[in-house]
Amino acid sequence: ETTVSGTAAQGPRLRPSLDGIPTYKPGKPAGADAYKLSSNENPYPPLPGVLESAVAAAGSFNRYPDMAATALTEELARRFGVPAEHVATGTGSVSVAQSLVLSTAGPGDEVIFAWRSFEAYPIITQVAGATPVPVPLTAAEEHDLDAMLAAITERTRLIFVCNPNNPTGAAIHREELLRFLDAVPGDILVVLDEAYREFIRDERVPDGIELYRDRPNVCVLRTFSKAYGLAGLRVGFAIAHEPVATALRKTAVPFGVSQLAQDAAVASLRAEDALLERVESLVEERTRVTAALTGQGWTVVDSQANFVWLRLGERTLDFAAACGAAGVVVRPFPGEGVRVSIGEVAGNDIFLATAEAFRKEL
Ligand code: PMP
């Protein structure tokens, strides 16, 4: 019989800093008879051609995928008019975001982001051993770019700018963003997270890919999960200058993007017209939902994404429960508010009816 001594008896020694890191909380799943408006997904099923390309790729899943994602990288480079060396793909844009943090920040370094914003930013920062520096949104639910500039220290290595912001939907305008980018020291990486780019209709919001071109410290994060409807296949990408893109290739988990995902993403880019028509319908629904909420007396941010945000404070969980009881699953941020994705018309209607009844009781 062997005896185990010391701390080994308790099992492996884990990094103590993990104790302070919450597990990522995904939007709740919905039962078969409920609408899932909790994860900003695309409600449309895959286009037949996109599905076929994934099914065809499934025939060789005994093989590893193309690690360089050559076809997808080239298609993206063409689509955006950037060198292929500037494109780095990953297992969803969240994993590319994590690689960006791992590429720039470690213990003692700081990562700035607005708060509330995408829930993964503080988590991936702490996983890298770095320190999150959340900067509160303004009362208008927008990035406080001046406060974010004021938060920069000698230890700042990366700044996330989520445009439009998840979960509020507010978007930053060109002049404001340019002023910010000009003021950030050139040795700090600014990540423009544009997961919802295709839903933007306000022409005052700039395209990050135009801003990145002559700024070596700026990169853009995009995803196939939202407008392109491939959330379940996990594929996202960054457009970044070469040193950053090369660092991303080093810090990414090898073979992270399956061949199914790569081929479906290429097929999606080729079917872009059909997909962007769907996006247009969702934007029309967003306009309808926003107008209806405003008509009910709610104060609603002009969302440039595929969701709307209701600041409900202490009534957040009650509102989410009312939606759940009515058959729509929404995303509560306890004590703050509720984010509701724009989905099928019928689901949106149930949400609106619930919001109206709730409003009358306030
Ligand atoms: N960035 C933002 C702002 C998001 O809201 C999300 C998804 N919720 C992501 C990145 C990550 O998406 P994915 O990993 O599916 O590309």
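No hydrogens, no waters, no symmetry mates; every other heavy atom, side chains included, goes into these values. Numbers here simply count residues along the sequence, with the first being 1. Whatever order the structure lists them in is the order used to number ligands and atoms, beginning at 1.
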query: For atom 1 (N) of ligand 1, what is the nearest protein heavy atom, given as residue, atom name and distance?
result: Asp193 OD2, 2.7 Å
query: By ring pair (Phe, Tyr, Trp, His ring centres under 6.0 Å), which residues pair with Phe61, not counting sequence neighbours?
result: none
- prompt: Taking heavy atoms and a distance under 4.0 Å, where does Cys162 meet ligand 1: side chain, backbone, both or neither?
  reply: side chain
field: ligand 1 contact on Asn166 by region, counting heavy-atom pairs under 4.0 Å
entry: side chain
Intermediate values then yes/no, salt bridge (Lys or Arg N to Asp or Glu O under 4.0 Å), Arg78 and Glu75: CA-CA 5 Å; Arg78 241 193 323 274; Glu75 194 77 27; 3.0 Å; yes
- prompt: Is it true that Arg215 and Asp182 have a side-chain N and a carboxylate O under 4.0 angstrom from each other?
  reply: yes
task: Could you establish whether Phe224 and ligand 1 come within less than 4.0 Å of each other, counting only heavy atoms on the residue side?
output: no
query: At what distance is the nearest protein heavy atom to atom 4 (C) of ligand 1, and which residue and atom is it?
result: Tyr196 OH, 3.6 Å
- prompt: Do Asn165 and Ser117 get their side chains close enough for a donor-acceptor pair, meaning under 3.5 Å?
  reply: yes
- request: Please check if any side-chain donor atom of Asn348 sits under 3.5 Å from a side-chain acceptor atom of Glu285, or the reverse.
  value: yes
query: What protein heavy atom sits nearest atom 11 (C) of ligand 1, and how far off is it?
result: Ser93 OG, 3.3 Å
query: Can you find an N/O atom of Thr223 closer than 3.5 Å to an N/O atom of ligand 1?
result: yes
Phe237 side chain reached by Thr73 side chain, heavy atoms, under 4.5 Å: no
message: Salt bridge check, Glu361 against Arg315: does any charged N sit closer than 4.0 Å to a carboxylate O?
response: no
field: Minimal non-hydrogen separation, Asn42 against Lys226, with atom names
entry: ND2-O, 3.1 Å
task: Give the residue and atom name of whichever protein heavy atom lies nearest to atom 8 (N) of ligand 1, and the separation in Å to one decimal.
output: Lys226 NZ, 3.2 Å
- request: Tell me which protein heavy atom sits closest to atom 15 (O) of ligand 1, plus the residue, atom name and distance to 0.1 Å.
  value: Ser225 OG, 2.6 Å
- prompt: Does some non-hydrogen atom of Gly92 fall short of 4.0 Å from ligand 1?
  reply: yes
- request: Please verify whether a non-hydrogen atom of Arg234 lies at under 4.0 Å from ligand 1.
  value: yes
